[in-house]
Number of protein chains: 2
Amino acid sequence: MRNRSVSHIFVTERFPIVCFMMRRDVFQAIADPTRRDIIGLIAHRSLNLNAVADNFDISRPAISKHIKILTECGLLTIKQQGRDRYCTANFKKLNEVSAWVDQYRKFWTEKLDALGDFLEKEAGETK
Amino acid sequence: MRNRSVSHIFVTERFPIVCFMMRRDVFQAIADPTRRDIIGLIAHRSLNLNAVADNFDISRPAISKHIKILTECGLLTIKQQGRDRYCTANFKKLNEVSAWVDQYRKFWTEKLDALGDFLEKEAGETK
DNA sequence: CAGGTGGTTAACAAGGTCATTAATTATGAG
DNA sequence: CTCATAATTAATGACCTTGTTAACCACCTG
């Protein structure tokens, strides 16, 4: 039962109702390349789910699930407009990732070789 | 067959030998909290596998597998010293994550509310 | 060489992820 | 109201992940 946590427990007189909320962490959310692509798509403009799905070869339900995961971890917010649900990216959430990476930044930038490695990689990829 | 790619194909006269190499991407590697903890552990000093395992409640084989994954994606390098294998972090690899996050940084820092959110989160956690 | 220690591999189990298709819900348009 | 469209849910399947224990290999020490 990983990544789950009880967020609220509502107790009526006779029926304890336990409400689970996925504690989807951002790291896991961005681990999937499709989800990273979705984020890239909606970075500049809000899109409804179908517009997002048009950019991928997978089914709408699959996209729907990805978006659900991104929403659950706080990276996306949904705004309902009639039938359409428009997805907007909530980039502040990426600060968690940024902060984690940044604590190690000094270990690889001290030698000032990051640029060199980046260029090396670029050259390898475009070759 | 996701996350796999044929990296090299050696062909002898009679035996084509296909060598698979896991294309473990860094995002997936750091998605696991245990692996992030391992990285944190060996950030400052090289540790052998048993020393790493001592810090966790899981078995040595489990740690061994995590370290294998981290090695396969380039985040760790192993230096054998007699019986011991010392793990060293290779933080340059984190640049991939950093670069991906950074392309969106302007979206959440423009408003200069990142500090506010950070403090808010801190307060929420220590409460 | 024998035995202990560091570490990996093998076999397996439980649960999670990511996709599918079919059915369902909900909204807007004619 | 009826139909088309936007989107979710349900049921299912294949594969991946993460852990376990037991057995094994490799190296150092006495």
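Here the structure is a predicted model, which is why all the values come from computation and not from measurement. So that the names make sense, note that chain A is the first sequence line, chain B the second, and so on, each numbered from 1.
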With the 4.5 Å side-chain cut-off for hydrophobic clustering, are B:Leu49 and B:Ile69 part of the same group?
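Shared cluster, no.
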Cluster link B:Val101 to A:Leu41, ILVMFWY, side chain under 4.5 Å:
yes
Report yes if a side-chain nitrogen or oxygen of [X] is closer than 4.0 Å to either non-bridging phosphate oxygen (OP1 or OP2) of [N]; otherwise report no.
{"X": "B:Gln28", "N": "D:dC16", "result": "no"}
{"X": "B:Asn50", "N": "C:dT5", "result": "no"}
{"X": "B:Arg24", "N": "D:dT17", "result": "yes"}
{"X": "A:Lys68", "N": "D:dA7", "result": "no"}
{"X": "A:Arg85", "N": "D:dT8", "result": "yes"}
{"X": "A:His66", "N": "C:dT17", "result": "no"}
{"X": "A:Ser64", "N": "D:dA7", "result": "no"}
{"X": "B:Arg60", "N": "D:dT21", "result": "no"}

Inspect the contact between A:Asp25 and B:Arg36 and indicate whether a charged nitrogen and a carboxylate oxygen are less than 4.0 angstrom apart.
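Salt bridge between B:Arg36 and A:Asp25, a charged N being under 4.0 Å from a carboxylate O: yes.
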Looking at [atom1] of [X] and [atom2] of [Y], how far apart are the two atoms once the value is rounded to the nearest 0.5 Å?
{"X": "B:Arg105", "Y": "A:Ser98", "atom1": "CZ", "atom2": "OG", "result": "3.5 Å"}
{"X": "B:Leu76", "Y": "B:Ile39", "atom1": "CG", "atom2": "CD1", "result": "7.0 Å"}
{"X": "A:Ile67", "Y": "A:Arg85", "atom1": "CD1", "atom2": "CZ", "result": "10.5 Å"}
{"X": "A:Cys87", "Y": "A:Ile78", "atom1": "SG", "atom2": "CD1", "result": "4.0 Å"}

[X] [atom1] - [N] [atom2] separation (whole Å):
{"X": "A:Ile69", "N": "C:dT17", "atom1": "CD1", "atom2": "P", "value": "7 Å"}
{"X": "B:Phe56", "N": "D:dT18", "atom1": "CZ", "atom2": "P", "value": "13 Å"}
{"X": "B:Tyr86", "N": "C:dT5", "atom1": "OH", "atom2": "C1'", "value": "13 Å"}
{"X": "B:Asp84", "N": "D:dT29", "atom1": "CG", "atom2": "C1'", "value": "14 Å"}
{"X": "B:Ile63", "N": "D:dT17", "atom1": "CD1", "atom2": "P", "value": "17 Å"}
{"X": "B:Ile78", "N": "C:dT8", "atom1": "CD1", "atom2": "C1'", "value": "12 Å"}
{"X": "B:Leu47", "N": "C:dG6", "atom1": "CG", "atom2": "P", "value": "14 Å"}
{"X": "B:Asp54", "N": "C:dT5", "atom1": "CG", "atom2": "P", "value": "13 Å"}

Look at the side chain of A:Lys65 and decide which nucleotide, out of D:dG19, C:dC18, C:dA19, has an atom nearest to it.
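That would be C:dA19.
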Candidates D:dT8, D:dA6, C:dT20 - which lies nearest the side chain of A:Ser59
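The answer is C:dT20.
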When the ring planes of A:Phe107 and B:Phe91 are compared, do they come out parallel, tilted or perpendicular, using 30° and 60° as the limits?
parallel
Between the protein and nucleotides 22-30 of chain C, which nitrogen or oxygen pairs are less than 3.5 angstrom apart?
none

